[in-house]
Amino acid sequence: MIQKPRGTRDILPPESRLFQAVEAAAHRVFQALGAEEIRTPLFEHTELFVRSVGETTDIVHKEMYTFADRKGRSLTLRPEGTAGVARAFLENRLDQRPLPQRLYYIGPMFRYERMQRGRYREFRQIGLEIIGASTPLADAECIMALWEFFAALEFDNFTVHMNNLGDPEDRPKYAQLLRSYLMGSKDQLCSDCQRRLQENPLRVLDCKVPTCKEVTAAAPGMDTVASQASRAHVEEVVSLLTSLGIPLKWNPRLVRGLDYYVRTVFEVVSPELGENTVVCGGGRYDRLLSDLGGPEIPGVGFAVGEDRLIDSLPPAFAAKVTTEVRLYLIPLGNEPALFGLQLARDLIRQGVPVELEVGGRSLKAALKRADKRGFAKVVIFGESELARGVVLVKDLRRGTQQEVPVAELAKDWQREVEP
RNA sequence: GUGAGCGUAGCUCAGCUGGCAGAGCGCUGGACUGUGGCUCCAGUGGUCGAGGGUUCGAAUCCCUUCGCUCACCCCA
């Protein structure tokens with residue numbers, strides 16, 4: 001038996017409804033803010049990701065699905081969405097349209113990683129990019145959009161973690177500062193952190209080992225060397241969001257895994273999936289487009305891990321989405337079966353979702369099945385009902401049943417669903 | 001890349017120091033002819049992940065291999 005490749009998943013009903021609901025919310029919220037959908041290739045030239053995400057990052061270093069095509073060109077399945085959007089933006093000269101442009105995408109990403117809870121090799125991201133605005137207001141709008149997206153999914157308790165990564169020229173300065181600070185307590189760091197100390201001291205701030213946390217607790221924050229301009233920028237973003245009533249948690253140890261971020265960075269972690277499982281990450285990337293050979297156009301954006309988001313959806317919302325709301329049509333006999341087919345056609349034309357019993361079940365068996373499937377209402381009709389132009393509508397929850405003229409069935413349903 | 005655990009029915013799992021492969025749930029049907037939920041009955045369903053070894057006999061013990069999961073790492 002052939003199985004799916006490691007790290008991929010089959011999204012089956014009813015879970016597929018959760019994906020539909022989440023994506024519908026994304027379309028609705030982002031479009032309301034003036035964003036438009038962009039769809040870019042699932043694979044790109046490898047060079048694009050090496051240059052944008054960063055050669056030394058883990059993503060590029062060891063997690064990309066890279067392959068040679070038949071002409072020997074090196075291609076890579078996209079590990080994230082922003083690079084492709086930036087490339088498409090430049091290639092199609094979208095900078096010639098009015099700026100800023102708000103673009104969002106929904107689709108699969110690929111990273112070669114070991115499987116773990118909430119971590120897949122093929123996973124879906126929903127991302128929003130605001131390209132062509134460098135103001136703190138743009139950052140704030142971006143995070144506000146994120147907030148509204150989560151709110152539309154009925155999340156009521158989550159926090160946006162924020163930090164300032166400074167400008168590109170600040171980062172080596174900070175790495176040096178942090179390294180010399182940590183050198184003093186080198187012996188108390190775990191073996192991983194002693195290695196990180198040389199390679200990438202910022203990562204030490206991320207370590208979960210308690211002794212390392214103690215050492216880094218009083219370490220100087222990025223803002224001690226961040227440029228005055230970047231500090232003023234991020235402070236303004238915080239101020240704007242605070243005025244909006246969006247709770248932020250300042251986290252000076254927040255470090256992102258992509259090199260292109262500057263200044264504002266933020267994350268949302270899921271309490272359900274554990275403290276180190278990021279559901280959403282984003283930030284500002286003012287140098288990305290110019291680094292890719294384009295004009296100096298700033299941008300800010302985020303990506304939500306759709307699979308992880310769905311794993312941590314509020315239960316009440318998930319239950320509502322997966323509940324069967326449709327009329328179950330049960331014909332009794334051959335004449336009524338034909339009528340049932342016509343009735344199903346008429347009802348779906350009027351926007352009433354139905355399920356016709358086509359398995360020839362007895363009434364008893366059909367009702368039993370209706371109960372198991374969670375149908376709220378069933379429609380029963382035999383020859384005697386048809387002769388009188390009515391059907392029996394049975395409410396399974398209340399246990400009541402009444403005759404309804406066939407012509408009023410759709411109206412009866414709409415009254416029930418949209419009171 | 002490092003470490004740990006687990007593979008038995010569609011699902012969740014039992015199966016003792018080796019002795020006829022099981023339960024619950026699910027699915028299908030039935031218990032007054034056209035009225036569900038509870039209950040009861042019946043049916044359905046397994047190369048015990050795969051290969052090899054030990055043995056009269058292996059789901060069980062040993063070896064190999066494949067697969068899955070979790071943690072580290074990193075990230076969505």
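Only heavy atoms go into these numbers, but all of them, side chains included; no hydrogens, no water, no symmetry mates. Throughout, protein chains are lettered first and strands after them, A, B, ... in sequence-line order, and every chain is numbered starting at 1.
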Need to verify one output field. Residue with the more 5' nearest nucleotide on RNA chain B, A/Arg119 or A/Ala303?
A/Arg119
Give a yes or no on whether a donor-acceptor pair under 3.5 Å exists between the nucleobase atoms of B/rA71, that is its base, and the side chain of A/Arg117.
no
Only one of A/Phe149, A/Phe150, A/Phe266 clears ring pair (Phe, Tyr, Trp, His ring centres under 6.0 Å) with A/Phe158; which?
A/Phe150
So that I can tick it off, tell me whether A/Arg287 and A/Asp291 are bridged by a salt bridge, with the cut-off set at under 4.0 angstrom between side-chain N and carboxylate O.
no
Minimum heavy-atom distance A/Ala226-A/Gly166, with the two atoms named
CB-CA, 4.1 Å
Within residues 399-411 of chain A: residues closer than 4.0 Å to RNA chain B (heavy atoms):
A/Gly399, A/Gln401
From CA spacing to verdict: side chain to side chain contact (heavy atoms under 4.5 Å, CB included), A/Leu327, A/Glu355:
CA-CA 6 Å; A/Leu327 278 179; A/Glu355 177 168 326; over 6 Å; no
Any salt bridge linking A/Asp395 with A/Lys377? Criterion: basic side-chain nitrogen under 4.0 Å from a carboxylate oxygen.
no
Side-chain donor-acceptor pair under 3.5 Å between A/Thr57 and A/Asp259, yes or no?
no
With sequence neighbours left out, which residue pairs that include part of residues 358-386 of chain A fulfil the ring pair (Phe, Tyr, Trp, His ring centres under 6.0 Å) condition?
A/Tyr328-A/Phe375, A/Phe339-A/Phe381
For B/rU35, does the base pair up with any side-chain atom of A/Lys394 as donor and acceptor (N or O, under 3.5 Å, distance only)?
yes
Residues that A/Glu63 engages under salt bridge (charged side-chain N to carboxylate O under 4.0 Å, His left out), provided they are two or more places apart
none
What integer number of Å spans the C1' atoms of B/rC27 and B/rA58?
32 Å
According to the side chain to side chain donor-acceptor pair (under 3.5 Å) rule, which pairs have a member within residues 330-346 of chain A, sequence neighbours left out?
none
Using atom P in both nucleotides, what's the gap between B/rA21 and B/rG34 to the nearest angstrom?
43 Å
C1' atoms of B/rG22 and B/rC16, separation to the nearest Å:
15 Å
Does the B/rA76 base have a donor-acceptor partner in the side chain of A/Glu267 within less than 3.5 Å?
no
Indicate, with a heavy-atom threshold strictly under 4.0 Å, whether A/Ser384 touches base, sugar-phosphate, or nothing.
base
Give me the stems containing RNA chain B, sorted by first residue, counting only three or more consecutive Watson-Crick or G-U pairs with both distances under 3.5 Å; say none if there aren't any.
B:1-7 with B:66-72, B:10-13 with B:22-25, B:26-31 with B:39-44, B:49-53 with B:61-65
Give each protein N/O atom lying under 3.5 Å from an N/O atom of nucleotides 23-29 of chain B, with the pair distance.
unit_1	atom_1	unit_2	atom_2	d
B/rU28	OP1	A/Arg361	NH2	2.5

Looking only at side-chain atoms of A/Leu396, point me to the closest of B/rA76, B/rG34, B/rG36.
B/rG36
Apply salt bridge (charged side-chain N to carboxylate O under 4.0 Å, His left out) to A/Lys173 and list each qualifying residue two or more places apart in sequence or on a separate chain.
A/Asp170
What integer distance in Å separates A/Leu363:CG from B/rG37:P?
12 Å
Rounded distance in Å - CZ (A/Phe375) to P (B/rG37)
17 Å
Under-4.0 Å side-chain N/O to phosphate OP1/OP2 contact, A/Gln3 with B/rC68
no
Is the closest basic N to carboxylate O distance between A/Lys62 and A/Glu113 below 4.0 Å?
no
Which ones in residues 6-25 of chain A lie close to RNA chain B, meaning a heavy atom under 4.0 Å from one of its atoms?
A/Arg6
Using a 3.5 Å cut-off and no angle test, enumerate the donor-acceptor pairs between side-chain atoms of residues 79-90 of chain A and protein atoms at least two apart in sequence or in another chain.
unit_1	atom_1	unit_2	atom_2	d
A/Glu80	OE1	A/Thr82	N	3.4
A/Glu80	OE1	A/Tyr260	OH	2.5
A/Glu80	OE2	A/Thr82	N	3.4
A/Glu80	OE2	A/Ala83	N	2.7
A/Thr82	OG1	A/Glu129	OE2	2.7
A/Thr82	OG1	A/Tyr260	OH	3.4
A/Arg87	NE	A/Glu91	OE1	3.0
A/Arg87	NH1	A/Glu44	OE1	2.9
A/Arg87	NH1	A/Glu44	OE2	2.5
A/Arg87	NH2	A/Glu91	OE1	3.4

When you compare B/rA59 with B/rC20, how far apart are their P atoms, in angstrom units rounded to a whole number?
10 Å
Is the closest side-chain donor-acceptor distance between A/Asp139 and A/Thr264 under 3.5 Å?
yes
Which residue, A/Lys4 or A/Lys62, contacts RNA chain B at a nucleotide closer to its 5' end, judged by nearest heavy atom?
A/Lys4
Taking any heavy-atom pair under 4.0 Å as a contact, classify A/Ile330: base, sugar-phosphate, or nothing.
nothing
Distance check, C1' atoms only: B/rU64 and B/rU54, in whole angstrom units.
15 Å
With 3.5 Å as the limit, what N/O pairs link the protein to nucleotides 3-13 of chain B?
unit_1	atom_1	unit_2	atom_2	d
B/rG3	O6	A/Arg114	NH2	3.4

I'd like to know if A/Glu15 pairs up with A/Arg17 as an ion pair, taking the criterion as any Lys NZ or Arg NE/NH1/NH2 lying under 4.0 Å from an Asp or Glu carboxylate oxygen.
no
OP1 or OP2 of B/rU35 sitting under 4.0 Å from any side-chain N/O of A/Lys364?
no
Using a cut-off of 4.0 Å on non-hydrogen atoms, how would the nucleic acid contact of A/Glu63 be classed: base, sugar-phosphate, or nothing?
sugar-phosphate
For B/rU44 and B/rG37, measure between their P atoms and round to the nearest Å.
24 Å
Applied to residues 144-156 of chain A, the side chain to side chain donor-acceptor pair (under 3.5 Å) test, sequence neighbours excluded, yields A/Glu154-A/Lys320
Describe the nucleic acid contact of A/Glu385 in one word from base, sugar-phosphate, nothing, applying a heavy-atom distance below 4.0 Å.
base
Over how many whole Å does the gap from A/Tyr328 atom OH to B/rG36 atom C1' extend?
11 Å
Donor-acceptor pairs under 3.5 Å, side chain of residues 23-34 of chain A to any protein atom, not counting sequence neighbours: which ones?
unit_1	atom_1	unit_2	atom_2	d
A/His27	ND1	A/Tyr104	OH	2.6
A/Gln31	NE2	A/Tyr104	OH	2.7

Is any side-chain N of the basic residue among A/Asp286 and A/Arg284 closer than 4.0 Å to the acidic one's carboxylate O?
yes
Any side-chain donor paired with an acceptor under 3.5 Å for A/His233 and A/Asn164?
no
Could you tell me the separation between the OH atom of A/Tyr112 and the P atom of B/rA76, rounded to a whole number of Å?
20 Å
